[in-house]
Number of protein chains: 2
Amino acid sequence: MSIVECHDGRMSLRHAVLGMLADEPGSGYDLLKRFERAMANVWPATQSQLYGELGKLEAAGMIHVLAEGPRGRKEYEITEAGLEELRHWLIDVDPGGPPRSAGLLRVYFLGSVSPAQARGYVASMGESARAREERLAELEGTIDWGDDNQSLYGRLVLEWGKRFSAMQREWAEWAVKQVE
Amino acid sequence: MSIVECHDGRMSLRHAVLGMLADEPGSGYDLLKRFERAMANVWPATQSQLYGELGKLEAAGMIHVLAEGPRGRKEYEITEAGLEELRHWLIDVDPGGPPRSAGLLRVYFLGSVSPAQARGYVASMGESARAREERLAELEGTIDWGDDNQSLYGRLVLEWGKRFSAMQREWAEWAVKQVE
DNA sequence: CTGTGCATGTAAGGAGTTACATGATTCA
DNA sequence: TGAATCATGTAACTCCTTACATGCACAG
């Protein structure tokens, strides 16, 4: 193996940006709001990160400036190279295992506090899961779903979130009983 | 607000190390193997990271060297300050929302590939969830569970993993039908 | 003419990964 | 003595977050 040979790291923000621009061109500011609206629960991103990534993507030829507007606004569009990179990531790259979970990490260590405190912590996990369930159900009502692809895959993600939250709530209810 | 005022970032590796040392003293090498065995699916950590964190924790007075062994082995033990920090993290700090999920991020963008490819990707998510279910079921059989606290909380985490994997498999089965 | 929102960026630092690097001990 | 294992550490890099910083445009 060569001395310099890494360039992995997964870099999913890059692909999140490419995916959004594949859907529709937009400026950094646009993307920021789209991230807040649609992806806050899947892949949060900050303003700094977005502008930095847009710069790198442009340098790499994966996006280009489609138009410039007032206040220095730069509207980006994905290029063919960018689309190719996105499709490659979607299809060819191994997604890797389940992500880190700080909440679950704590459960491992609940032996370091009193059973009452442990029970309280598990119960609060259940409560926040229940709150998320409600929020998602509400969200589902406010979105007007179409028949297009974006709606289809958006529904898939929303359904995943609902099932995940329900699973966590049920687990927490079960776990509280175990601690007793 | 003051100019220099941050020091958040969550730093969960720190607490993972404290939690392990609260359970039982050990060297960096010991912890490395314990991480591989017990926590690979919850909070993976590399050798570099562990030794770095042990150094920082010792400098912060949260752990101390209990004994030195052959080959420069340093066995660490958690201090009272470290226990306090661990308990504080367990009880008082907000765990934050659901973590990033690269797998789910992709689902958002499956509109960029053909329906057949999208279906294939979702199906592979289900398949890897099924494989994880099997692995966890096998793991459950090989561990001899006791009545102690560690076994209790370990079982809770394992159960979470089982439910999560089952949820993801069922979701994938459902989602494959939606894509058709 | 002033506030609100639009719009873009940089700097500093923590967290995590990979690769590089070294050396001691034990056992066959 | 040679291989495997024990054992610790550093360097370079990417990713992510927070805070700092600037300026234009438009509506009231």
Side-chain angles (χ1 to χ4, degrees), chain A residues 1-17 25-36 39-40 42-60 63 65-76 96-97 99-102 105, chain B residues 1-17 25-36 39-40 42-60 63 65-76 89 96-97 99-100 102 105:
Chain A
M1 214 182 289
S2 77
I3 292 180
V4 176
E5 183 76 23
C6 359
H7 69 69
D8 168 43
R10 269 174 304 270
M11 302 180 293
S12 293
L13 176 67
R14 157 160 303 195
H15 301 103
V17 171
S27 68
Y29 197 83
D30 290 339
L31 289 178
L32 185 60
K33 281 181 299 175
R34 286 204 244 166
F35 263 82
E36 279 165 6
M39 305 225 306
V42 172
W43 206 274
T46 62
Q47 176 258 26
S48 277
Q49 231 186 322
L50 278 175
Y51 284 109
E53 196 60 48
L54 285 170
K56 284 187 230 161
L57 282 169
E58 194 189 6
I63 61 177
V65 176
L66 182 64
E68 305 208 12
R71 303 178 212 88
R73 176 191 171 92
K74 284 184 282 185
E75 194 161 15
Y76 291 101
R100 292 187 160 95
S101 167
L105 178 63
Chain B
M1 215 182 289
S2 77
I3 293 179
V4 176
E5 183 76 24
C6 357
H7 68 71
D8 167 41
R10 270 176 302 272
M11 303 179 291
S12 293
L13 175 68
R14 155 159 306 195
H15 302 103
V17 170
S27 67
Y29 197 83
D30 290 340
L31 289 178
L32 185 59
K33 281 181 299 176
R34 286 204 244 165
F35 264 82
E36 279 166 6
M39 304 225 307
V42 174
W43 205 275
T46 61
Q47 176 259 27
S48 277
Q49 231 186 324
L50 279 175
Y51 284 109
E53 196 59 47
L54 286 170
K56 284 186 229 164
L57 282 168
E58 194 189 7
I63 61 177
V65 176
L66 182 63
E68 304 208 11
R71 306 178 208 88
R73 175 190 172 90
K74 284 183 283 188
E75 194 162 15
Y76 290 101
W89 175 75
R100 292 187 160 95
L105 179 62

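Letters A, B, ... mirror the listed sequences (proteins, then strands); counts begin at 1.
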Sort me out a list of protein N/O and nucleotides 22-26 of chain D N/O pairs below 3.5 Å, or just none if empty.
from, atom 1, to, atom 2, distance (Å)
D:dC24, O2, A:Arg71, NE, 3.4
D:dA25, O4', A:Arg71, NE, 3.1

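- Atom CD in A:Glu36 sits roughly 14 Å away from atom P in C:dA7 (whole-Å rounding).
- Within the model, atoms CD of A:Gln49 and CG of A:Leu13 stand 4.5 Å from one another, a figure rounded to the nearest 0.5 Å.
- The line from CD of B:Glu75 to CD of B:Glu68 is 11.0 Å long, rounded to the nearest 0.5 Å.
- Regarding B:Glu53, its CD atom lies at a distance of 11 Å from the P atom of C:dG14, rounded to whole Å.
- Put simply, CG on B:Leu57 and CG on B:Leu50 are 10.5 Å apart, with the number rounded to the nearest 0.5 Å.
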Pairs under 3.5 angstrom, nitrogen or oxygen only, protein versus nucleotides 10-13 of chain D, please.
from, atom 1, to, atom 2, distance (Å)
D:dT10, O4, B:Ser48, OG, 2.6

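- Residue B:Arg100 is in sugar-phosphate contact alone, with no base atom involved, counting any heavy-atom pair closer than 4.0 Å across all strands shown.
- At the phosphate of D:dT17, OP1 or OP2 sits under 4.0 Å from a side-chain N or O atom of A:Gln49.
- Residues A:Val65 and A:Tyr76 are in side-chain contact: their nearest non-hydrogen atoms beyond the backbone lie under 4.5 Å apart.
- Checking B:Glu75 against A:Pro44, the closest nucleotide of DNA chain D that is more toward the 5' end is the one next to B:Glu75.
- When rounded to the nearest whole Å, the span between CZ of B:Phe35 and P of C:dT17 equals 11 Å.
- Closest to the A:Lys56 side chain, of the nucleotides D:dC15, C:dG16, D:dT17, is D:dC15.
- Taking B:Arg14 as the reference, B:Glu53 meet the salt bridge (Lys or Arg N to Asp or Glu O under 4.0 Å) condition, with sequence neighbours excluded.
- The separation between B:Lys74 atom NZ and C:dG23 atom P is 17 Å, rounded to whole Å.
- If you check residues 26-34 of chain A against DNA chain D, you find no residue with a heavy atom closer than 4.0 Å.
- With sequence neighbours left out, the side chain to side chain donor-acceptor pair (under 3.5 Å) criterion links B:Arg34 to no other residue.
- Contacts of A:Arg71 classified as side chain to side chain donor-acceptor pair (under 3.5 Å), with partners at least two apart in sequence or in another chain: none.
- The CD1 atom of B:Ile63 sits 12.0 Å away from the NZ atom of B:Lys56 when rounded to the nearest 0.5 Å.
- In this structure, the CH2 atom of A:Trp43 is 11 Å from the P atom of D:dC15, given to the nearest Å.
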Q: List the steps, then state whether side chain to side chain contact (heavy atoms under 4.5 Å, CB included) holds for B:Leu31 with B:Leu54.
A: CA-CA 10 Å; B:Leu31 289 178; B:Leu54 286 170; 3.9 Å; yes
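- Going from atom CE of A:Met11 over to atom C1' of D:dT14 covers 9 Å, rounded to whole Å.
- A search for side chain to side chain contact (heavy atoms under 4.5 Å, CB included) contacts involving A:Ser48 returns A:Thr46, not counting sequence neighbours.
- A search for side chain to side chain contact (heavy atoms under 4.5 Å, CB included) contacts involving A:Ala102 returns B:Ser12, B:Trp43, not counting sequence neighbours.
- Atom C1' of nucleotide C:dG16 and atom CG of B:Leu54 are separated by 16 Å, given to the nearest angstrom.
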